[in-house]
Novice: 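Please find one structure pasted underneath; my questions will follow.
First listed ligand is number 1; within each ligand, the first listed atom is number 1. Quick caveat, the model's predicted, so the values are computed rather than measured.
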Amino acid sequence: MSMSRERAERRIEELRELIRYHDWRYYVLDAPEISDAEYDRLMRELEELERAFPDLVTPDSPTQRVGGRPAQQFGTVRHRLPMLSLANAFDVDELRAFHRRVTEALGETPEYVVEPKIDGLSVALRYEHGVLIRGATRGDGEVGEDVTANLRTIRSIPLRLRTSYPPPVLEVRGEVYMSRQAFEQLNRARRERGEPPFANPRNAAAGSVRQLDPRVTAQRNLNSFVYELRYAEGLSWRSHFEALRLLAEMGFRVNEHCRLCRSLEEVISFCSEWEGRRHQLDYEIDGMVVKVNSLEHQRRLGARARSPRWAIAYKFPGEEATTRLLDIVVQVGRTGTLTPIAVLEPVEVAGATVSRATLHNEDIIEQKDIRIGDVVLVRRAGDVIPEVVRAVRELRTGDERKFRMPDRCPACGAEVVRLEGEVASRCVGAACPAQRKESILHFASRDAMDIEGLGEATVQQLIDRGLVRDAADLYYLTKEDLLQLERMADKSAQNLLLAIERSKSRPLRALIYALGIRHVGQRTAALLAEAFGSLEALLEASEEQLQGVPGVGSVVAQSIRAFARQPANRDLIRRLQKAGVRTAAASQTRPTEGPLAGKTVVFTGTLGSMTRAEAARLAESLGARVTSSVSRNTDFVVAGENPGSKLARARELGVPVLDEDQFLKLVGRGR
Ligand code: IVH
């Protein structure tokens with residue numbers, strides 16, 4: 001290539017500027033303007049020119065991100081200002097206490113900036129005349145490690161600032177992290193090569209920054225956010241928010257979810273918003289950082305030994321934790337399914353102590369190679385059952401044991417079978433007490449017959465004492481039966497009987513669901529109730545008739561037929577009917593006589609003997625129409641404790657008001 005030196009020099013400068021611009025668009029703003037192919041062309045042209053004129057190569061050239069040789073060890077860097085850490089607030093009360101301290105010290109209410117707390121590792125970057133000259137880890141806060149060569153490989157860290165008048169010296173601080181996607185990709189590759197995977201993205205990021213060979217770091221897909229302008233000769237800024245804007249202007253990647261808040265309430269609501277949204281991000285955050293905005297305020301507040309008084313980290317409760325898997329036991333479900341359950345050394349996850357977690361089924365244990373004795377990662381999200389995510393295999397000692405599904409049911413000793421093509425193993429014992437217990441618990445559950453107070457311990461005792469074999473037996477229990485049970489006082493026995501009694505008038509769809517017919521969930525139960533109008537009609541229906549119901553396919557239809565054919569099930573239903581359980585849809589049986597027939601009733605306030613929903617159900621079962629607001633058409637209002645405006649409205653309209661006792665007398669439940 002014969003290009004004059006001058007022309008080459010000019011073109012090189014031009015190309016660098018172009019590439020820097022497009023790097024910024026791509027890696028910092030995440031808004032590329034050109035295709036990868038066009039970008040590659042620019043890069044290749046620059047590389048060729050630099051090869052032709054090696055003396056024109058400068059360290060801040062975009063071609064120089066990965067260079068140098070593996071180091072023997074890292075040099076040390078003494079930070080010119082100590083790198084402080086943050087005090088933590090573990091709940092909203094601690095956030096309020098922080099605000100109180102700050103406000104008292106300042107004598108006024110400050111503004112705050114709230115930003116995501118990135119779960120990575122903190123680094124300090126130093127630029128001289130706009131060029132990156134050093135990057136260091138935090139270390140102990142005073143002295144860190146010189147990891148410049150590694151940080152240079154991170155494409156969102158500018159090698160040269162985007163400003164024509166760079167300060168002679170500039171220092172910033174930020175977080176280097178690995179996205180979830182990069183983390184998963186890295187671990188996949190490591191497993192394929194037989195290398196131990198990293199436990200989490202933070203460890204992966206830290207491990208990658210502390211690589212002696214920058215070529216390895218370059219392949220790790222690290223990313224960065226800068227969140228502090230520590231020092232800039234000749235630049236002035238008055239608030240943290242302003243500093244963030246300056247940092248963004250200079251080409252650093254600044255987190256887009258930083259928010260200026262003018263009150264503590266705003267801070268709290270922003271923090272809780274992100275507590276719920278954290279999973280939407282492609283990187284892990286472990287909380288939010290709350291910083292006093294004004295620099296003047298920051299100066300007046302000062303710092304303690306290790307942390308500033310003007311900032312605090314609001315930590316989210318961890319949703320994952322590691323603990324030891326002590327044992328795997330097997331739980332028998334109501335359809336006989338055996339579910340392996342992890343018995344764990346108790347551990348705090350997302351604010352609750354977890355000592356058991358589901359392992360789903362045998363295949364998953366096998367796939368994830370989880371063994372008894374392993375250190376495992378446990379996750380708990382929202383109100384779902386905690387689960388074992390994986391084993392931390394790096395921590396194996398060799399004493400771990402593999403799990404084997406028992407070939408006999410642990411509850412009844414019957415054979416355990418696993419059908420072809422199914423993941424679940426099942427106990428085939430027809431009289432299996434564990435299956436009975438689970439099906440009775442299902443029958444009594446909220447969305448089914450809603451028998452409040454019938455918990456696991458009670459059902460277990462009822463079965464063990466032979467008082468109950470199936471759900472129908474519940475309706476024949478006497479107070480004397482219940483008083484035999486441990487921890488069953490007179491009052492709770494009374495309440496339980498009342499709850500059982502009330503359940504007789506549950507809607508048909510709840511009863512159908514309560515029976516626990518395989519493949520008949522709540523939605524299907526509602527469709528069937530609608531279509532057949534009574535349990536009798538449903539159980540007499542042919543497969544064809546069943547399939548005529550929209551949403552019911554052959555699997556469901558066959559399952560219902562199989563249920564209906566079983567003599568034990570027929571017997572169960574006969575006894576339910578005999579006990580007075582309503583087996584037809586409400587509209588057909590709504591009483592036309594009695595004190596509540598045809599009456600319009602409103603409930604308000606808290607009742608002592610039942611919830612408002614239960615009271616409403618009871619009233620409906622006696623033929624009342626229950627509405628939520630009081631009008632001239634209302635026949636009477638039932639008012640409990642702390643009634644609201646409905647009571648006032650009733651008085652205004654002259655609608656009769658009953659208290660709870662009067663209502664109970666009216667429906668024949670009076671004391
Ligand atoms: S400010 C003096 N802002 O959290 C205040 N830190 O527990 C310096 N971190 O060591 C920290 N995201 O590694 C700040 N937006 C953010 C942050 C953040 C993550 C890390 C940082 C620090 C640790 C403190």
Novice: Output yes when Arg396 and Asp369 qualify as a salt bridge under the 4.0 Å nitrogen-oxygen rule, no when they do not.
Specialist: yes
Novice: Starting from atom 3 (N) of ligand 1, find the nearest protein heavy-atom neighbour and note its residue, name and distance.
Specialist: Lys291 NZ, 3.0 Å
Novice: Taking the basic N atoms (NZ, or NE/NH1/NH2) and the acidic carboxylate oxygens, is any pair closer than 4.0 Å for Glu284 and Arg180?
Specialist: yes
Novice: Provide, to 0.1 Å, the distance between atom 14 (C) of ligand 1 and the closest protein heavy atom, together with that atom's residue and name.
Specialist: Tyr227 CE1, 3.3 Å
Novice: So that I can tick it off, tell me whether Glu171 and Arg173 are bridged by a salt bridge, with the cut-off set at under 4.0 angstrom between side-chain N and carboxylate O.
Specialist: no
Novice: List the closest protein heavy-atom neighbour of atom 5 (C) of ligand 1: residue, atom name, distance to the nearest 0.1 Å.
Specialist: Leu86 CD2, 3.6 Å
Novice: Any nitrogen or oxygen of Glu175, main chain or side chain, under 3.5 Å from a nitrogen or oxygen of ligand 1?
Specialist: yes
Novice: Any N/O of Arg173 closer than 3.5 Å to an N/O of ligand 1?
Specialist: yes
Novice: Between OG1 of Thr153 and CZ of Arg65, what distance do you get to the nearest 0.5 Å?
Specialist: 8.0 Å
Novice: Report the nearest protein non-hydrogen atom to atom 15 (N) of ligand 1: residue, atom name, distance rounded to 0.1 Å.
Specialist: Glu115 OE1, 2.8 Å
Novice: Regarding Glu38 and Ser35, is there a side-chain donor-to-acceptor distance under 3.5 Å anywhere?
Specialist: yes
Novice: Quick one: do Asp286 and Arg202 satisfy side-chain contact (heavy atoms from CB on, under 4.5 Å)? Show the steps, please.
Specialist: CA-CA 11 Å; Asp286 57 342; Arg202 179 166 34 83; 5.9 Å; no
Novice: Which option, Ile118, Val176, Val114, owns the non-hydrogen atom nearest atom 12 (N) of ligand 1?
Specialist: Ile118
Novice: Is Ala313 in contact with ligand 1, taking contact as a heavy-atom separation below 4.0 Å?
Specialist: no
Novice: Ignoring hydrogens and angles, state whether a donor on the side chain of Arg210 or Thr137 is under 3.5 Å from an acceptor on the partner side chain.
Specialist: no
Novice: Is there a polar contact, in the sense of an N or O pair closer than 3.5 Å, between Glu228 and ligand 1?
Specialist: no
Novice: Identify the closest protein heavy atom to atom 2 (C) of ligand 1: which residue and atom is it, and at what distance?
Specialist: Pro308 CG, 3.6 Å
Novice: Could you tell me whether Lys117 and ligand 1 have an N or O pair separated by under 3.5 Å?
Specialist: yes
Novice: I'd like to know if the side chain of Glu115 pairs up with that of His240 as donor and acceptor (distance under 3.5 Å, no hydrogens or angles considered).
Specialist: yes
Novice: Out of curiosity, is Pro116 lining ligand 1, as in a heavy atom under 4.0 Å away?
Specialist: yes
